[in-house]
Every structure is written in C-alpha cells, then in structure tokens.
**Student:** 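I have a structure here, written as structure tokens, and I will follow up with some questions on it.
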Amino acid sequence: MIGSYLVVSEMRLCGWVLRSKTIGRVVIVEVSGGDVRPYVLVGKQDVNPDLYKTLSSLPLGSAVCFEGEPAKEQKSKRGTEFEVKSIKVYAEPVEPLPVELVGKVPSLLETRIKYRWLLLRNPVEKAIFRVRQSIVQAAREYLLNNGFTEVHTPKIVAAGAEGGATLFKVQYFEREAYLSQSPQLYKQILVSSIPRVFEITPYFRAEKFNTVRHLNESWGIDVEQGFIEGVEDVMNTLENLVAYIINYVRDRNKEELETLGVELPRVSTPFKRLKFEEAVDILRSNGIEVPEGEDLSDHAERELGKIMSEKGHDLYFIVGFPWQSTGFYYMREEDGYHTRKFDLDFRGLEIASGGQREHRYDKLVEALRLKGLDPANFSFYLEAFKYGMPPHGGFGLGIERLMMQMLGLSNIREAVLFVRDRTRLVP
RNA sequence: GCCGCCGUAGUAUAGCCCGGUCUAGUAUGCGGGCCUGUCGAGCCCGUGACCCGGGUUCAAAUCCCGGCGGCGGCGCCA
C-alpha cells in the first residue's frame, strides 16, 4: 500500500483479479494493481446486490478498473481495502489461467519462467522486479551525481575483448560480426575524451553453461574512470556505488523486501580488501585445495564467502590477481606477476570485476604479444592509446548476480523477466 | 563439452525399487451446491493426466533401449 493513495479521496484504479472468495453473502476480491500488495474489494449482498453480483461472477485473471476510495475499516491482512463506487470489466480470460498466482500451489522454476509475464501479478514476483528497477535507478542516480556520463556503445561488434570463443556470431551484411560480451574496450576508448563514463548494458556470452548463476544474456552496470591515482580510486567508486544501491533498496523498497522475506543490513564502506594470496592461504588453511596461479573456482569462492561472512564481511574485494589468469589489458605491478585486477564478492559470489587498465601504449602492445594475441587485430583499440590516454580503470557489476545475493535468490533466472540461457530463446 | 538426476490432469505432486484390485490417489484450478469478513478459509458433488517411439511380458505409469524436454554439478565468468 502506497501511503499517498490514501490521501486522495477518489480515484480510478486498475488491475487483474488475483484472488476471489465468497463467504455466504459476502464476496472478497483481490485485485493486483500498481502496488505490491493487492487492492481488496468487498461486496455484500445485503448492502449492494449489484456489486455483489458483479464481483462474485468475476473469473480469476479478469482485467478491471474501479472507482472508489480506501475503506475506513481495513480488515484484510493481505492488501488495501476499497469502497467501490463503480467497476468496469475490460477483459475476462478466454480460458482458465495456466498457473495459480496466489502461491497455494508451488510452481517449478521452469513454469515460472514460461509464465513470468503472468506471474508478475503475484506480489512476490512483482517485488523482485521492482527491486531490479530500484537497483538501476539507484545506480544511475549515484553515478550521475558523481560526475559520470551515461553512454551507449555498440552491441554489434567486430571482435570481443579477448578472442572469439565465447561470442555469438551474427551476419553483418557480407561480413561476420559478434554480439558484444562487454563494453569494456569502448568504455576505455571514451575515457580518452570523457573522463568518467558508465553504461547500463546487456552482455552476450555464448558459453554453454547450465548453472544457477550464468545467463547467456545478462545486464551490467559498467563504469570506467580516468585520471585516477591508482586502483583504489576505482574500488572506491565500486564500493560506494554498491553501498548506495543496497541502502537505497533497503530504504525505498521496504514493502518489497517484506514481501520477499528479506532483511537487508545497512551497508557501510570501505569493504574489506583481501589480497589474492591471502584468499588462497585462508582457503588452504581451511582444507580447500587451490591450484597455483589460477583463478579461484566457484567452490573455492563459495567457501571463502562463508569464512568471510563469519568474520563479518559479506562484501569484500579480492585484489592483486596473477597476470597469467587475467586479461591482457590489466595493469601489471612492478613484479610482473601481480595485476591491478580485482573482484568484488558478495557472500561468496563474484558480483563485479574490474581493475586499473594499462594505459601506456608500449606496455599495452607488449602485453598483447605476451598473451599471444596479434596487436593488428586490436588496432582500433590501440589507436585510442596514442593521444594522451590518462591512467584509468573500471569495472562491470552484474545486475542479476547482485539481485541474487541481495534477495537470496537460489537461481539467477529468477532475476530476469525473460530468460536467455542454454535452452531458452522463447518467450 | 563431461557427469548425475528427472518427465503422471492447466499447475504442484503420490504411485515406479518389488509389473497385476491403478477403474491411477491428493492438493489447487475449473463447473455446481452450502456458509454474512475469508486471509493458502472450510464442507459436499463433479471435471481432467501416465513425454514420444520401439522392446520384454499373459500383463507396463512401473522393467529395457532410443529420441525429445527439463533440473543440477564441473570448467568459464558478471
């Protein structure tokens, strides 16, 4: 229930019949409308026979609008009651609904995904996507307030960040092109003219995964900032952004969180910084095997998450990844072994990764060669580093993964309206 | 790509191991009846299902093979 609605004396409200119950000569109808909680309409045969008749003959799923005002007596535990002055039925279902929307009968994730557009009438599903909306709004608000410019970069590209194995191919007239798996190279190029940019963007990844935390089309908040003193500047932006988002949702989506049964703690910065070697040591001392020089496995990340949570760190950075496990574009430390790449983990799940980039032209060409890549294939990218590229860095923050951890979703598919995974292309 | 598990009314499930009273049970939905405020209300009646193809057998939802579909784990990564 939105408080402001109660101030207005009369209004027209619309939605779909979610639940209906007749008890003798009283009919109670719940309408899924603009709020998380439904509107509750009550018809009493002895008081208003016409309204009683209309309400009691409404099939579940009917699209209706009604005029009225909030009832003085609020008896329902599930929504806001209204005194109905008039009601109009705009559409009735052609056949009974394929899924039960109230939650009496559980439905499999597969069914939930198939009928997501319909299930959004259910308060729980509605709440998930209202939180998603808030996350995007909070991110945009925070970044705009901190001098970042929102940009849009192409999603049809000639090459990916690191080769073509994980890219979707598309036919681009007589040439072959790909769907962008990351806006990173474009963000970096832009930093040669606009010091701070961000983009809220899809990522397309052609990996044939079938796990609870991968999608083939996902969305991210991608940030790049120039004229940095070091990687800490980038990490500051990320941690403040994440804290802002979580606190924003915590303050503004109380009803959604309550509906989802989620309690979000207030988040404060700075987040813990954990050196990659420290993470490895912690894991090994807890009996978890970690191969030398490689990135952490999912299993290792989850175990680390448990250990860190026990120490009071739900959110923590892992910093200083070995160069052999990272992309060519990360700046290397003097020792040539470590890089300025970091991950941000939230309860054992990587929700963002980024770092300081190599902005020196010669070093970048050298890095490409060392990684066995042909600089000629990156000429459009390299050119941007010739004319005064400032020291810079950035990150990509996965929206669905952030949602998973914030809301305790067990499958990333719950966080997207229309799922694109290994097997789903429709709806 | 590799490994494991699963496919029963619209939805969610029982039954499958040990083949036969399974004429396939239950909940919810849907149709009908009762009840003057339910909160997943309740009570009564009705309705509707064994993924597809082959095999074994006197007999297959149940056992075997293939296909299709789904779920999960691993590698990759946000």
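Computation of the quantities below employed the complete heavy-atom set of this structure, encompassing side-chain atoms and omitting hydrogens, waters and symmetry-equivalent molecules. All chains are named by letter (A, B, ...) in the order of the sequence lines, taking the proteins before the strands, and each is independently numbered beginning at 1.
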**Student:** With sugar-phosphate meaning primed atoms plus P, OP1 and OP2, does A/Ile28 contact a base, only sugar-phosphate, or nothing at under 4.0 Å between heavy atoms?
**Tutor:** base
**Student:** Could you state the atom-to-atom distance from CG of A/Asp222 to C1' of B/rC77 in whole Å?
**Tutor:** 13 Å
**Student:** Whole-Å distance between B/rG70 C1' and A/Leu425 CG?
**Tutor:** 17 Å
**Student:** Between A/Glu81 and A/Lys75, is there a side-chain N and carboxylate O pair less than 4.0 Å apart?
**Tutor:** no
**Student:** Rounding to a whole Å, what distance do you find between A/Arg25:CZ and B/rU38:P?
**Tutor:** 16 Å
**Student:** Only counting residues at least two apart or in another chain, list the ones meeting side chain to side chain contact (heavy atoms under 4.5 Å, CB included) with A/Lys254.
**Tutor:** A/Asp251
**Student:** Taking the P atom in each of B/rG4 and B/rG40, what is the distance between them to the nearest angstrom?
**Tutor:** 43 Å
**Student:** May I ask you to say what A/Asn216 touches in the nucleic acid, namely base, sugar-phosphate or nothing, with a heavy-atom cut-off under 4.0 Å?
**Tutor:** nothing
**Student:** Side chain to side chain contact (heavy atoms under 4.5 Å, CB included) with A/Arg132: which of A/Glu400, A/Met406, A/Gln137?
**Tutor:** A/Glu400
**Student:** When the distance from OH of A/Tyr52 to P of B/rU36 is rounded to whole Å, what number comes out?
**Tutor:** 9 Å
**Student:** Answer yes or no: side-chain N or O of A/Asp298 and base N or O of B/rC77 forming a donor-acceptor pair under 3.5 Å.
**Tutor:** yes
**Student:** Judged by each residue's nearest nucleotide on RNA chain B, which is more toward the 5′ side, A/Arg424 or A/Val102?
**Tutor:** A/Val102
**Student:** Of the residues in residues 393-402 of chain A, which ones touch RNA chain B at a heavy-atom distance under 4.0 Å?
**Tutor:** A/Gly396, A/Arg401
**Student:** Provide, to the nearest angstrom, the distance between the CG atom belonging to A/Asn48 and the P atom belonging to B/rU36.
**Tutor:** 18 Å
**Student:** For nucleotides 8-15 of chain B, give me one character per nucleotide, 5' to 3': B if any protein heavy atom sits under 4.0 Å from the base, S if the only such contacts are to the sugar-phosphate, - if neither.
**Tutor:** --SBSS--
**Student:** Any strand counts, and the cut-off is 3.5 Å on both contacts for Watson-Crick or G-U wobble. Which nucleotide pairs with B/rU56?
**Tutor:** none
**Student:** Going by the side chain to side chain contact (heavy atoms under 4.5 Å, CB included) test, name the single residue among A/Lys341, A/Met331, A/Arg332 that passes it with A/Gln356.
**Tutor:** A/Met331
**Student:** Nearest whole angstrom, please: distance from the P of B/rG40 to the CG of A/Asn122.
**Tutor:** 13 Å
**Student:** Which pairs count as disulfide (SG to SG under 2.5 Å) when at least one residue sits in residues 20-106 of chain A, sequence neighbours excluded?
**Tutor:** A/Cys14-A/Cys65
**Student:** Is there, by distance only and without an angle test, a donor paired with an acceptor across the side chain of A/Arg213 and the base of B/rA78 below 3.5 Å?
**Tutor:** no
**Student:** Whole Å only: how far is the CD atom of A/Glu301 from the P atom of B/rC77?
**Tutor:** 11 Å
**Student:** Just grab all the disulfide (SG to SG under 2.5 Å) pairs involving residues 73-108 of chain A, residues at least two apart or on different chains.
**Tutor:** none
**Student:** Suppose we screen for salt bridge (Lys or Arg N to Asp or Glu O under 4.0 Å). Which residues come up paired with A/Arg196, at least two apart in sequence or across chains?
**Tutor:** none
**Student:** For a quick check, tell me whether the side chain of A/Lys44 and the base of B/rG37 share a donor-acceptor pair closer than 3.5 Å.
**Tutor:** yes
**Student:** Pairing check on B/rC39: which nucleotide meets the Watson-Crick or G-U wobble criteria with it, both distances under 3.5 Å?
**Tutor:** none
**Student:** Please state how far atom CD in A/Gln184 lies from atom C1' in B/rA78, giving the value in whole angstrom units.
**Tutor:** 12 Å
**Student:** I'd like to check the side chain to side chain contact (heavy atoms under 4.5 Å, CB included) partners of A/Asp50; sequence neighbours left out, ordered by chain and number.
**Tutor:** A/Asn48
**Student:** My understanding is that only residues two or more places apart in sequence, or in another chain, count here; which of them pass side chain to side chain contact (heavy atoms under 4.5 Å, CB included) with A/Thr211?
**Tutor:** A/Phe209, A/Arg213, A/His214
**Student:** Distance criterion of 3.5 Å, no angle test: do you see the side chain of A/His299 paired donor-to-acceptor with the base of B/rC74?
**Tutor:** no
**Student:** Provide the full list of disulfide (SG to SG under 2.5 Å) pairs with a residue in residues 70-99 of chain A, sequence neighbours left out, each pair given once.
**Tutor:** none
**Student:** How would you list all residue pairs meeting disulfide (SG to SG under 2.5 Å) that involve residues 398-427 of chain A, not counting sequence neighbours?
**Tutor:** none
**Student:** If you assign each of A/Leu60 and A/Val212 to its closest nucleotide in RNA chain B, which residue comes earlier from the 5' end?
**Tutor:** A/Leu60
**Student:** Let's see if you get this right: which residues in residues 233-241 of chain A place a heavy atom under 4.0 Å from RNA chain B?
**Tutor:** none
**Student:** Could you tell me which residues satisfy side chain to side chain contact (heavy atoms under 4.5 Å, CB included) with A/Lys311, sequence neighbours excluded, listed by chain and number?
**Tutor:** A/Ile282, A/Ile307, A/His313
**Student:** When all nucleic acid strands are considered with a 4.0 Å heavy-atom cut-off, which category describes A/Ser353: base, sugar-phosphate, or nothing?
**Tutor:** sugar-phosphate
**Student:** For A/Ser297, answer base if it contacts any base atom (sugar-phosphate contacts may also be present), sugar-phosphate if it contacts only those atoms, and nothing otherwise; contact means non-hydrogen atoms under 4.0 Å.
**Tutor:** sugar-phosphate
**Student:** Does NZ in A/Lys114 sit with more than 12 non-hydrogen atoms of other residues, nucleotides or ligands closer than 6.0 Å?
**Tutor:** no
